[in-house]
Amino acid sequence: MSHPEQSRHLTTVIPGPESQALTNRRAAAVARGVGTTMPVYAARAGGGIVEDVDGNRLIDLGSGIAVTTIGNSSARVVEAVRSQVAEFTHTCFMVTPYEGYVAVAEALNRLTPVRGEKRSALFNSGSEAVENAVKIARSYTHKPAVVAFDHAYHGRTNLTMALTAKVMPYKHGFGPFAPEVYRAPLSYPFRDAEFGKELATDGELAAERAITVMDKQIGADNLAAVIIEPIQGEGGFIVPAEGFLPALLDWCRANNVVFIADEVQTGFARTGAMFACEHEGIDPDLIVTAKGIAGGLPLSAVTGRAEIMDSPHVSGLGGTYGGNPVACAAALATIETIESDGLVARAQHIGQLMKDRLGRLQAEDDRIGDVRGRGAMIAVELVKPGSTEPDAELTKALCAAAHSAGVIVLSCGTYGNVLRFLPPLSISDELLLEGLDVIELVLRDL
Ligand SMILES: *Cc1c(COP(=O)(O)O)cnc(C)c1O
């Protein structure tokens with residue numbers, strides 16, 4: 001099947017009658033708790049377009065939450081999945097293993113910015129991989145506690161809900177949560193500026209604030225791991241001040257605390273580097289990956305220093321579907337696509353384009369408090385004019401208006417006031433700029 005025509009085109013109001021009919025069926029069949037950003041039902045997708053069941057073609061600035069980085073139904077992935085499905089769909093790597101799993105582990109070991117000899121283990125979702133990273137860190141250090149940061153998002157399973165910061169919608173009513181999870185203050189330059197210019201620009205100072213919490217409230221002797229997103233995703237695309245991550249890593253190294261980088265959202269070329277840790281020049285002990293890893297198929301991984309990864313006993317790690325052969329074939333095709341199509345450079349180009357464009361918009365609109373991010377992971381933080389007070393209503397209205405105009409865009413942030421852009425790297429410059437034109441127009445109207 002070929003990609004839908006690469007242009008924005010509305011044949012009905014959004015949502016159209018076919019989508020509306022599916023929404024009605026869904027209400028009687030699907031649990032209410034599963035939310036939806038935009039109630040249009042997809043029929044086909046590819047390049048930079050999602051076509052819905054009414055024939056509307058929408059510009060995709062979300063990539064299914066940073067998953068289809070190389071595009072939807074990308075040619076190599078389609079081919080790899082087809083041929084793997086025809087060979088075998090599942091044997092279980094814990095029963096009779098297969099080459100694809102080993103090849104994905106080799107690729108991860110080659111690509112990740114972890115130093116020295118490495119090992120990988122494969123799972124299904126980002127949350128599951130985060131849980132396993134914590135298990136591995138506890139097994140290695142024989143210590144119980146884990147530190148996560150303000151605004152963090154690490155998933156929705158019980159342990160990862162505890163690691164995630166935001167109560168609504170992720171945690172409300174779902175406790176009790178896993179014990180021995182503690183929270184430390186992040187470096188959040190836009191908001192730290194309220195406490196002084198130095199804290200906003202000096203990452204080492206912001207790290208000191210976090211390290212004091214770890215020292216005084218937990219104690220390194222009780223702490224197995226520090227887990228952090230090098231650029232926060234759901235938390236609002238927060239890029240910490242320079243020096244913050246290296247200072248945290250140094251402290252972890254000096255205290256036998258495993259440093260886990262959660263690159264579930266930032267990994268695989270998204271930020272204009274294969275992994276976001278590379279921008280900071282850091283080499284984490286463990287890196288967690290998922291989302292962009294397999295062109296839309298469910299796969300996740302933990303990769304790390306061999307001595308840490310090999311700490312759990314034989315059969316201590318695993319799962320029925322972890323490293324499914326079809327998902328592994330998709331991952332190998334995805335990695336090949338990123339490398340041979342120069343998609344790291346493409347993400348940098350997209351980042352420059354978005355930052356220039358949104359920066360110009362910020363200069364003439366004081367409701368845009370901050371433009372930040374890296375590569376194809378850029379966000380604007382919306383505020384009450386000229387202040388730092390979050391404006392969640394404006395963000396909601398802006399998203400709704402963009403959706404009605406045929407642009408898929410997502411919001412995020414602890415205060416619900418961050419508009420985030422995660423275009424697939426397969427989008428054309430023209431479609432991307434048209435999407436941003438729409439954002440500009442609807443923002444003017446609000
Ligand atoms: C999405 C996400 C997760 C959870 O991944 P799932 O596949 O949804 O379980 C964990 N960490 C980060 C940084 C994420 O963005």
Side-chain angles (χ1 to χ4, degrees), residues 33-37 62-69 112 121-135 137 146-166 169-171 174 177-178 181 183 186 188 225-240 245 259-271 275-277 279-280 284 286-303 319 321-324 327 330-331 334 373-379 410-414 418 420-422:
V34 184
T36 290
T37 300
S63 298
I65 319 187
V67 170
T68 52
T69 304
T112 46
L122 306 184
F123 306 96
N124 301 289
S125 68
S127 306
E128 192 189 359
V130 168
E131 296 238 1
N132 277 280
V134 171
K135 280 164 68 172
V146 183
V147 159
F149 286 80
D150 285 334
H151 314 288
Y153 183 85
H154 298 291
R156 293 173 180 262
T157 56
N158 189 261
L159 175 59
T160 60
M161 270 194 295
L163 295 168
T164 291
K166 195 176 175 181
Y170 307 121
K171 305 165 75 163
F174 298 146
F177 304 111
V181 171
R183 199 163 304 284
L186 182 77
Y188 187 164
V226 164
I227 182 163
I228 189 161
E229 302 153 81
I231 300 173
Q232 281 191 340
E234 308 299 303
F237 286 19
I238 302 164
V239 184
L245 291 169
F259 186 97
I260 305 171
D262 181 346
E263 292 238 25
V264 168
Q265 192 153 155
T266 50
F268 292 98
R270 175 54 59 188
T271 68
F275 294 97
C277 284
H279 298 295
E280 311 280 344
L286 302 179
I287 293 192
V288 182
T289 51
K291 292 199 166 98
I293 192 174
L297 275 85
L299 185 73
S300 65
V302 183
T303 301
Y321 291 112
N324 169 271
T334 298
R374 283 191 161 119
M377 183 173 180
I378 304 290
L410 309 168
S411 63
C412 64
T414 296
V418 179
R420 58 168 154 175
F421 301 103
L422 290 162

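Counting convention: from 1, in listed order, for ligands and their atoms alike.
- When all heavy atoms are compared, the tightest approach of His154 to Asp262 is ND1-OD2, 2.7 Å.
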Under 3.5 Å: N or O atoms of ligand 1 paired with protein N or O:
{"from": "ligand 1", "atom 1": "7 (O)", "to": "Gly126", "atom 2": "N", "distance (Å)": "2.8"}
{"from": "ligand 1", "atom 1": "9 (O)", "to": "Gly126", "atom 2": "N", "distance (Å)": "3.4"}
{"from": "ligand 1", "atom 1": "9 (O)", "to": "Ser127", "atom 2": "N", "distance (Å)": "2.8"}
{"from": "ligand 1", "atom 1": "9 (O)", "to": "Ser127", "atom 2": "OG", "distance (Å)": "2.6"}
{"from": "ligand 1", "atom 1": "11 (N)", "to": "Tyr153", "atom 2": "O", "distance (Å)": "3.4"}
{"from": "ligand 1", "atom 1": "11 (N)", "to": "Asp262", "atom 2": "OD1", "distance (Å)": "3.4"}
{"from": "ligand 1", "atom 1": "11 (N)", "to": "Asp262", "atom 2": "OD2", "distance (Å)": "2.7"}
{"from": "ligand 1", "atom 1": "15 (O)", "to": "Gln265", "atom 2": "NE2", "distance (Å)": "2.9"}
{"from": "ligand 1", "atom 1": "15 (O)", "to": "Lys291", "atom 2": "NZ", "distance (Å)": "2.6"}

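- Between Phe237 and the choices Thr266, Leu422, Thr271, the side-chain contact (heavy atoms from CB on, under 4.5 Å) rule is met once, by Leu422.
- Taking the side chain as every heavy atom from C-beta outward, Pro230 and Leu245 approach each other to under 4.5 Å.
- Remark: Ala165 pairs with Arg183 by the side-chain contact (heavy atoms from CB on, under 4.5 Å) rule, at least two apart or across chains.
- Considering CD of Glu263 and OG1 of Thr112, their distance stands at 9.5 Å, rounded to 0.5 Å.
- Remark: of the listed residues Arg420, His151, Glu229, Arg420 is the sole one forming a side-chain contact (heavy atoms from CB on, under 4.5 Å) with Glu234.
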